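Single-structure report; data block below.
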Amino acid sequence: MINFLIFLTLIAIGLSFIRFLKGPHLTDRVVAFDAMGVMAVSLLVILSVTIKDNIYLDVAFVFALIGFIGTIIFSRFNVVKEGDDNE
Amino acid sequence: MSIKQKISIQTISVSFVVSIMIIILLGILLNFTTQFQPTLGSDLLAINANSTETANAVTSVVTYFRGFDTLGEVTILFLSIFGVSLGLEGFKEKLNIFSYQNTLLKIGVDTLFPIIILFGIYVIVHGHLSPGGGFQGGVIIASGFLLMFLAKGDDFSINHKILELVESLSGAGFILIALLGLLVTDRFLGNFIPIGEVGELFSGGIIPLIYIFVGIKVSAEITALLEYFIRIKDVR
Amino acid sequence: MIGLIILAIFVSMIILAIFIIFNRDLPHSVILFMGFGLGSVVLFFLFSAPDVALTEAVIGTGASSVVLLVTLLQVRRKERKR
Amino acid sequence: MSSIGFIFIFLGILFLILSSIGLLRMPDTLTRMHAGTKASTLGSLLVIVGAIFIEPTLWFKLSLLGFFLLITNPLSSSILARSTYLKFGFLNKSGIDDLKDNK
């Protein structure tokens, strides 16, 4: 049962990985990166429930934090670069 | 040679390399689980069970058996921050690059900041019980400060003198604990505090103290590094 | 089942590395590098090394990408000013 | 108790797969963002609720993780949508531009 769920999560991560590879603009890649981070957090939650241990959830928390910081700093980078091109 | 021929040759060579790598990986992974025999790990676990008795054996390797290497790593990090500050300190007026105000981001980061700092302190303090430790918790705290720099713009700034003072005091505390160990037990970084029960919060001798000092030092250093990199002299 | 996940992550990391090298635009390379770091974090997690996974996630993916991106921004501004 | 948790996790992964299909098929950036952030937030929250039903001793860390995702994911999608608007301009052809005044 749990193997089937892990397989379905891998399908979801793979479909958004294709968008991550072929996205034409930078923002498409950032959106796909955010979605991949959330899907990988749920994959880590399922794996740590099967292992039945408390300590593996720290990695999932750090994963969510890294996805948030990456999205914020790339969106800021977009705006600053646009203002620079207008000069 | 035209561009189309270049692209086709590049694509063919890249796909050739990829196929060879996949074949080698398949060959390695097919007998990955059968030939695995623990040799060095069991020895280290036996030494750990005799001497320091932490729940997380990696911690006792990093701070107790190889504690001198940890001191060297912290010194290298300090030297790199010193070089960056030597190169970027001299400008008079410094403004944030990301000076773009947004009310939603300010409120959200104000909500998130205590949670991130508390999680970093949890990772540092529970370093001998669960994965993590000084370096990881310190960088988590520094990422919380990075979010504040991004959200608040020029309203949020940190005095560099206080950061340098905190960093120097924590480095001095590390060396002081190591010298106390040399004084009491005839070994640099020796253990002079009684070891408690395995699995409790107050256990493991001097390992939590060393991790607390390393965590404070690394968080101050990485915060100073990001603060130097994010500000620039001439803003349009 | 775990072997299948490990194999899929290995192959996707090799493809990502080739994309990082052959990309023309540098910010695209930085975000592809962040995806590479996430793949290696899942890989360390599956090999039951959560210490190394935490270090790679925090330092290798978070801090180094931020430093790369901000350095790219500063260098571009200096070049445009000239 | 465990079967309820498996049903929740299955529903959550269904939402994740729908979100990734929308991310792959939609035509431009803002609609991709619409598919890729809302549905994945709901899916990950359903997975976390199912994990709490399966293993009730981990409830504190799992609920903290759910709270963190519930705050950060809509926030980051909002910031990203605003920066996309500032970079590429208005993409739709309906003629209604709500963000024109408050750049």
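Quick caveat: nothing in here was measured; it's all calculated off a predicted structure. In what follows, chains carry the letters A, B, and so on, assigned in the order in which the sequence lines appear, proteins first and then strands, with residues in each chain numbered from 1.
Heavy atoms of D:Leu69 lying under 4.5 Å from chain A belong exclusively to its side chain. If you measure heavy-atom distances from A:Ile46 to chain D, the contacts under 4.5 Å come from the side chain alone. Of the atoms belonging to D:Leu16, heavy atoms from both backbone and side chain fall under 4.5 Å from chain A. The part of A:Met1 that comes within reach of chain D is its side chain, from C-beta onward, which places non-hydrogen atoms under 4.5 angstrom from that chain.
Legend: salt bridge (charged side-chain N to carboxylate O under 4.0 Å, His left out) pairs involving residues 7-23 of chain A, not counting sequence neighbours: none detected. The side chain to side chain donor-acceptor pair (under 3.5 Å) analysis of residues 53-64 of chain D, with sequence neighbours excluded, yields the pairs A:Asp58-D:Lys61, B:Tyr122-D:Lys61.
Of the residues considered (A:Thr71, A:Val45, A:Leu5), A:Leu5 shows the highest number of contacts with chain D, using heavy-atom pairs under 4.5 Å. Interface check for chain D: of the options A:Ile11, A:Val41, A:Val38, A:Ile72, the most heavy-atom pairs under 4.5 Å are formed by A:Val38.
Taking OG from A:Ser48 and CG from D:Leu62, the interatomic distance works out to 6.5 Å, rounded to the nearest 0.5 Å. Note that CG of D:Leu65 is 11.0 Å distant from CG of A:Leu65, once rounded to the nearest 0.5 Å. Separation of atoms CG (D:Leu80) and OG1 (A:Thr27) is listed at 6.5 Å; rounding is to 0.5 Å.
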Assess the residue pair A:Leu15 and D:Leu23 against the criterion (side chain to side chain contact (heavy atoms under 4.5 Å, CB included)); give the C-alpha distance rounded to whole Å, side-chain angles, the decisive distance to 0.1 Å, and a yes or no. CA-CA 8 Å; A:Leu15 284 181; D:Leu23 196 65; over 6 Å; no

Chi angles and distances behind the side chain to side chain contact (heavy atoms under 4.5 Å, CB included) call for D:Asn73, A:Asp34: CA-CA 8 Å; D:Asn73 218 344; A:Asp34 197 9; 3.5 Å; yes

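For the pair A:Ser75 and D:Ser83, the tightest heavy-atom approach, listed with the atom from each and the gap, is O-CB, 3.5 Å. Nearest heavy-atom pair, A:Val31 versus D:Met33, reported as atom, atom and distance to 0.1 Å: CG2-CE, 3.8 Å. Nearest heavy atom pair, residue D:Ile17 against residue A:Leu8, reads CD1-O, 3.7 Å. Here the closest heavy-atom approach between residue D:Ala51 and residue A:Val49 is recorded as CB-CG2, 3.6 Å. Here the closest non-hydrogen pair linking A:Ile2 and D:Phe6 is CD1-CE2, 3.6 Å. Between A:Ala35 and D:Gly36, the shortest heavy-atom contact is CB-O, 3.9 Å.
Within a 6.0 Å sphere centred on OH of A:Tyr56, other residues, nucleotides and ligands contribute more than 12 heavy atoms. For D:Phe68, the CZ atom counts as densely surrounded, since its 6.0 Å shell holds more than 12 non-hydrogen atoms of other residues, nucleotides or ligands.
Under the 30°/60° scheme for interplanar angles, the aromatic rings of A:Phe4 and D:Phe10 are found to lie parallel.
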